[in-house]
Amino acid sequence: MMPTVLVTGATGNIGRELVHLLSLDPRVGEIRVATRDPDGPAAQLLTAIDPALVHPVKFSTDPDDLAEVFADGVNRMCLITPLCNDMVGWQGSVLSAAKGVSRIVKISNDAARPVSEGAVEGTPPAAHWTGEEMLRAMDVEHTILRPTIFMQHFMIVPGLYGPGDDTFYLPTGDARMAMLDCRDIAFAAADLLLRPASELPSEPVYLTGPEALSGEDLRARLSWASGRAFRWIKDRQAFDDHSRATGSPLEISGVYDAAAAGAFSKIHTEQFEALFQRRPTSFAKFALDHASYFQPR
């Protein structure tokens with residue numbers, strides 16, 4: 001019987017691509033798009049990919065909403081956790097409601113670890129670790145993906161970059177980052193949701209891009225892709241000022257502080273290449289694919 005797959009966070013950068021990939025696979029029977037607004041344009045656009053397969057469902061941690069989401073045979077789920085005030089509670093509510101689900105792929109974080117090993121209580125690394133522990137305690141097939149920082153930050157963090165600008169603000173100093181394209185996360189999740197149980201990895205899979213790039217490297221690639229000279233502003237105060245001016249949450253600066261300290265500099269491609277028989281996407285390819293986003297408006 002072809003599985004029904006639930007995708008939480010389905011209208012985000014990972015979820016959108018995952019829904020698309022699942023819709024192309026003839027092994028999939030139904031894709032449920034979990035969204036706060038099933039009638040909104042983002043959900044409706046995903047539905048239009050294949051209305052016979054893709055069905056938006058109202059999603060919240062309200063028990064009645066969750067019961068409706070999981071009704072009638074959801075048997076696979078990709079758990080994409082939003083950045084919210086209570087990530088642990090959100091994961092607990094969803095996993096507790098996931099009755100009858102036979103396989104779960106969780107999108108975690110490459111820094112996931114317990115508070116006893118240095119994670120700060122209430123931060124995403126600690127919350128993702130707790131979510132992993134919840135999943136490991138369940139009697140369900142599962143696998144965990146631990147991606148690094150996303151290339152899509154250039155598209156979702158206004159304080160970093162705005163569409164059509166010729167300048168980006170990245171206070172990471174001389175550090176290098178092995179940034180990852182969200183499309184590779186979606187590719188990995190789609191594969192792991194559908195591959196035979198005997199081939200599921202038993203340990204978390206770390207995902208990074210194929211190269212560790214400096215801010216200057218990013219600047220050069222964006223210049224080549226857009227056909228104009230980009231500027232990289234590395235000053236932290238300039239980033240904070242630009243974040244305030246664009247309404248971008250300053251909390252993201254903690255991620256870039258971690259990057260400046262080398263948190264995202266390690267390249268982990270061995271698992272990805274061995275499991276999926278392909279290499280991860282380079283930043284140059286990301287910039288080429290989104291060249292119009294980086295060109296003048």
**Q** Kindly write out the residues that satisfy side chain to side chain contact (heavy atoms under 4.5 Å, CB included) with Ala197, not counting sequence neighbours, or none if the list is empty.
**A** Arg103, Glu141
**Q** Is a donor from one side chain sitting under 3.5 angstrom from an acceptor on the other, for Asp241 and Gln237?
**A** yes
**Q** Applying ring-ring contact (aromatic ring centres under 6.0 Å, His included), which residue pairs with at least one partner in residues 2-37 are found, sequence neighbours left out?
**A** none
**Q** Taking the side chain as C-beta and beyond, is there a heavy-atom pair between Pro124 and Met87 under 4.5 Å?
**A** yes
**Q** Which distance, rounded to the nearest 0.5 Å, do you find between the CZ of Phe187 and the CD of Glu17?
**A** 10.5 Å
**Q** Do you know which of Thr148, Leu145, Ile149, Leu207 makes side-chain contact (heavy atoms from CB on, under 4.5 Å) with Asp110?
**A** Thr148
**Q** Please tabulate, one pair per line, all N/O donor-acceptor pairs under 3.5 Å involving side-chain atoms of residues 43-55, not counting sequence neighbours.
**A**
from  : atom 1 : to    : atom 2 : distance (Å)
Gln44 : NE2    : Pro38 : O      : 2.7
Thr47 : OG1    : Ala43 : O      : 2.9
Asp50 : OD1    : Ala52 : N      : 3.1
His55 : ND1    : Glu30 : OE2    : 3.0
His55 : NE2    : Pro51 : O      : 3.3

**Q** Set out, in order, the CA-CA distance, both residues' side-chain angles and the distance that settles side-chain contact (heavy atoms from CB on, under 4.5 Å) for Ile233 and Leu170, then state yes or no.
**A** CA-CA 6 Å; Ile233 306 297; Leu170 184 62; over 6 Å; no
**Q** Which pair of non-hydrogen atoms, one from Met177 and one from Thr172, has the smallest distance, and what is that distance?
**A** SD-CG2, 4.4 Å
**Q** Under the rule for salt bridge (charged side-chain N to carboxylate O under 4.0 Å, His left out), what residues qualify as partners of Arg278, not counting sequence neighbours?
**A** Asp184
**Q** Between the main-chain N or O of Pro171 and the side-chain N or O of Arg236, is there a donor-acceptor pair closer than 3.5 Å?
**A** no
**Q** Quick one: does Ile107's side chain get under 4.5 Å of Thr81's, heavy atoms only?
**A** no
**Q** I need the full list of ring-ring contact (aromatic ring centres under 6.0 Å, His included) pairs touching residues 108-153, with sequence neighbours left out, sorted by first then second residue.
**A** His153-Tyr256
**Q** Is Glu211 salt-bridged to Arg176, cutoff N-O under 4.0 Å?
**A** no
**Q** Is Leu250 isolated, or which residues cluster with it under the ILVMFWY side-chain rule of less than 4.5 Å, directly or via members?
**A** none
**Q** Counting distance only, does the side-chain N/O of Thr130 pair as donor-acceptor with the main-chain N or O of Ala126 below 3.5 Å?
**A** yes
**Q** By the ring-ring contact (aromatic ring centres under 6.0 Å, His included) test, which pairs, at least two apart or in different chains, include something from residues 188-220?
**A** Tyr206-His268
**Q** Quick one: list whatever passes side chain to side chain contact (heavy atoms under 4.5 Å, CB included) with Glu68, sequence neighbours left out.
**A** none
**Q** Look only at the side chain of Glu203 and the backbone of Ile144, and say whether a donor-acceptor pair between them is shorter than 3.5 Å.
**A** no
**Q** Got Val140 and Leu135 here, is their nearest side-chain heavy-atom distance under 4.5 Å?
**A** yes
**Q** Using a 4.5 Å cut-off on heavy atoms from C-beta on, say whether the side chain of Pro201 contacts that of Leu192.
**A** yes
**Q** Not counting sequence neighbours, list each pair that qualifies as a salt bridge (charged side-chain N to carboxylate O under 4.0 Å, His left out) and has a residue in residues 73-85.
**A** none
**Q** Out of curiosity, Ser282 OG to Met179 CE, how far, rounded to the nearest 0.5 Å?
**A** 13.0 Å
**Q** Any non-hydrogen side-chain atom of Trp232 less than 4.5 Å from a side-chain atom of Thr167?
**A** no
**Q** With sequence neighbours left out, what residues match Tyr169 under ring pair (Phe, Tyr, Trp, His ring centres under 6.0 Å)?
**A** His242
**Q** Would you say the ring centers of His290 and Phe294 fall short of 6.0 Å from each other?
**A** no
**Q** Find out whether Cys78 and Val5 are in side-chain contact, i.e. whether some heavy atom of one side chain is under 4.5 Å from a heavy atom of the other.
**A** no
**Q** Does Ser248 reach the main-chain N or O of Gly159 with its side chain, forming a donor-acceptor pair under 3.5 Å?
**A** yes
**Q** Between Phe283 and Phe154, is a ring-ring contact (aromatic ring centres under 6.0 Å, His included) present by the stated rule, with each step listed?
**A** CA-CA 11 Å; Phe283 188 83; Phe154 277 90; 5.6 Å; yes
**Q** Classify the side-chain pair Gln295/Ser226 by whether it contains a donor and acceptor separated by less than 3.5 Å.
**A** no
**Q** Looking at every non-hydrogen atom in both residues, tell me the closest pair between Ala225 and Leu288 and how far apart they are.
**A** CB-N, 4.1 Å
**Q** Counting only heavy atoms not in Arg279, do more than 12 fall under 6.0 Å of its CZ?
**A** no
**Q** Compare all side-chain heavy atoms of Leu66 with those of Phe59 and state whether any distance is below 4.5 angstrom.
**A** yes
**Q** Which residue pairs satisfy the side chain to side chain donor-acceptor pair (under 3.5 Å) criterion with at least one member in residues 112-125, sequence neighbours excluded?
**A** none
**Q** So, do Arg219 and Phe168 sit near enough that their side-chain heavy atoms are less than 4.5 Å apart?
**A** yes
**Q** Can you see which heavy atom on Arg27 is nearest to which on Pro3, and at what distance?
**A** O-CD, 2.9 Å
**Q** State yes or no: do Ile14 and Trp90 share one hydrophobic cluster built from I, L, V, M, F, W and Y residues joined by side-chain heavy-atom distances below 4.5 Å, directly or via other members?
**A** no
**Q** Below 4.0 angstrom, N of the basic side chain to O of the carboxylate: do Asp37 and Lys58 qualify?
**A** no
**Q** Between Arg183 and Asp289, is the salt bridge (Lys or Arg N to Asp or Glu O under 4.0 Å) condition met? List the steps.
**A** CA-CA 12 Å; Arg183 293 174 295 181; Asp289 288 346; 2.8 Å; yes
**Q** Judged by modelled atom types alone, do Ser214 and Asp217 share a side-chain donor-acceptor pair under 3.5 Å?
**A** yes
**Q** More than 12 non-hydrogen atoms from neighbouring residues, nucleotides or ligands closer than 6.0 Å to CD on Glu199, yes or no?
**A** yes
**Q** Okay, side chain of Ser223, backbone of Phe230: is any donor-acceptor separation there less than 3.5 Å?
**A** yes
**Q** Does the Lys99 side chain pair with the main chain of Ser96, one donor and one acceptor, at a distance under 3.5 Å?
**A** yes
**Q** Is Asp165 salt-bridged to Arg297, going by a charged N under 4.0 Å from an acidic O?
**A** no
**Q** Go through it in stages, so that I can follow the logic: the residues are Thr246 and Tyr161, the test is side-chain contact (heavy atoms from CB on, under 4.5 Å), and I'd like the CA-CA distance, side-chain angles, deciding distance and then a yes or no.
**A** CA-CA 10 Å; Thr246 56; Tyr161 180 74; over 6 Å; no
**Q** Can you tell me if CZ on Arg36 sees more than 12 non-hydrogen neighbours from other groups inside 6.0 Å?
**A** no
**Q** Identify, with sequence neighbours excluded, every residue that meets salt bridge (charged side-chain N to carboxylate O under 4.0 Å, His left out) alongside Arg195.
**A** Asp191
**Q** When you check the side-chain N and O atoms of Asn75 and Thr4, is any donor under 3.5 Å from an acceptor?
**A** no
**Q** Show your reasoning for whether side-chain contact (heavy atoms from CB on, under 4.5 Å) applies to Ile31 and Leu18.
**A** CA-CA 10 Å; Ile31 306 160; Leu18 177 56; over 6 Å; no
**Q** Quick check: closest heavy atoms across Met151 and Thr281, and the distance to 0.1 Å?
**A** CE-O, 3.3 Å
**Q** Do Val7 and Leu22 pass the side-chain contact (heavy atoms from CB on, under 4.5 Å) test, and can you show the C-alpha distance, the side-chain angles, and the key distance before you say yes or no?
**A** CA-CA 10 Å; Val7 180; Leu22 291 172; 4.0 Å; yes
